[in-house]
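Taking it in order: structure first as structure tokens, then the write-up.
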Amino acid sequence: MESRFNLFDSPTAAKIAKRFYNASLPLEQSTLPKTLRELVQLRVGQINGCGLCVDIHTKEAAVAGESAVRLHLVAAWRHSTVFTEAERAALALAEEGTRLGDHGVSDETWAAVRGHYDDDQVGALVCLVALINAATRMNVIVHNPGGSYEPGMFDGMTN
């Protein structure tokens, strides 16, 4: 499958993509572990069918030290024993925050998130879910395929 359109060929889209990437940089400075951020982004990519996002976040999680077993089980996290209760709360938030049209984020999920994360981490999780949802949608619309991502490939997009 080939991409329908290279967003970086559009001056406007390229500017937005760079700003979008830079908007996510504070998440790197948050106290949310890198592996958790990657697992959440991987799950959103899976739900939205974004091959590029699944490629990126699988590889970035592996570089950050995530195990192959846990990466393979993200899609079935509810039926797996390898995730902590805190990770399960974040994955539930990722799913429900992605599928807002189904029922939104449940009170049960919100309570679980609040029980495991402080205010700054909750804010970071909410922003992370929102940002990765926007990224997956851009990539799916233009059919950006997965498979060729190399860890750190986008690091040059910073201001």
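Worth saying up front: this structure is predicted, and the values here are computed from it rather than measured.
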My understanding is that only residues two or more places apart in sequence, or in another chain, count here; which of them pass salt bridge (charged side-chain N to carboxylate O under 4.0 Å, His left out) with E150? none
Holding to salt bridge (charged side-chain N to carboxylate O under 4.0 Å, His left out), I want the full list of residues that pass it with E60, two or more places apart in sequence or in another chain. none
Determine the minimum heavy-atom distance between K34 and A64, stating which atoms define it. CG-CB, 3.5 Å
Considering non-hydrogen atoms only, spot the tightest contact between A90 and L125 and give its length. CB-CD2, 4.0 Å
E28 side chain vs L25 backbone, donor-acceptor pair below 3.5 Å: no
Using modelled atom types only, decide if a donor and an acceptor are shared between the side chain of N48 and the backbone of C50 within a distance under 3.5 Å. no
Just by modelled atom types, is the S148 backbone N or O under 3.5 Å from a matching donor or acceptor in the D55 side chain? yes
Please report the closest heavy-atom contact between E96 and G104, naming both atoms and the distance. CB-O, 3.6 Å
Considering residues, nucleotides and ligands other than D118, do more than 12 of their heavy atoms fall under 6.0 Å from its CG? yes
Tell me whether I16 shares a hydrophobic cluster with L7, the cluster being built from Ile, Leu, Val, Met, Phe, Trp, Tyr side chains joined at under 4.5 Å. no
Applying side chain to side chain contact (heavy atoms under 4.5 Å, CB included) between L128 and each of V40, L36, N133, report the one that passes. V40
Nearest 0.5 Å please: distance from the OG1 atom of T136 over to the CD atom of Q46. 12.0 Å
Under the 3.5 angstrom rule, does the side chain of S24 hit a backbone N or O of Y21 as a donor-acceptor pair? yes
Working to the nearest 0.5 Å, report the span between NZ of K15 and NZ of K18. 11.0 Å
If you take all heavy atoms of A61 and T35, which pair is closest and at what distance? O-CG2, 4.4 Å
Rounded to the nearest 0.5 Å, what separation is found between the CD1 atom of I47 and the OG1 atom of T98? 4.5 Å
Does any N or O in the side chain of S3 come within less than 3.5 Å of the main-chain N or O of V142, such that one atom is a donor and the other an acceptor? yes
May I have all residue pairs that pass ring pair (Phe, Tyr, Trp, His ring centres under 6.0 Å) and include part of residues 50-73, sequence neighbours excluded? none
Does I132 sit in a hydrophobic cluster with other residues, and if so which ones, taking ILVMFWY side chains as linked at heavy-atom separations under 4.5 Å, directly or through other members? V44
When you group the ILVMFWY residues by side-chain heavy-atom contacts below 4.5 Å and let the links chain together, are F20 and I141 in the same group? yes
Apart from L91 itself, what residues make up its hydrophobic cluster, given side-chain heavy atom links below 4.5 Å? L39, L42, V54, V69, L71, L73, V74, W77, V82, F83
Co-membership, hydrophobic cluster, residues V126 and L131, 4.5 Å side-chain: yes
Please report the interatomic distance NE2(H103) to OG1(T109), rounded to the nearest 0.5 Å. 7.5 Å
Between the main-chain N or O of L52 and the side-chain N or O of N144, is there a donor-acceptor pair closer than 3.5 Å? no
One should read off an interatomic distance between Q121 CD and L32 CG, to the nearest 0.5 angstrom, of 5.0 Å
Who passes salt bridge (charged side-chain N to carboxylate O under 4.0 Å, His left out) against R114, sequence neighbours left out? D119
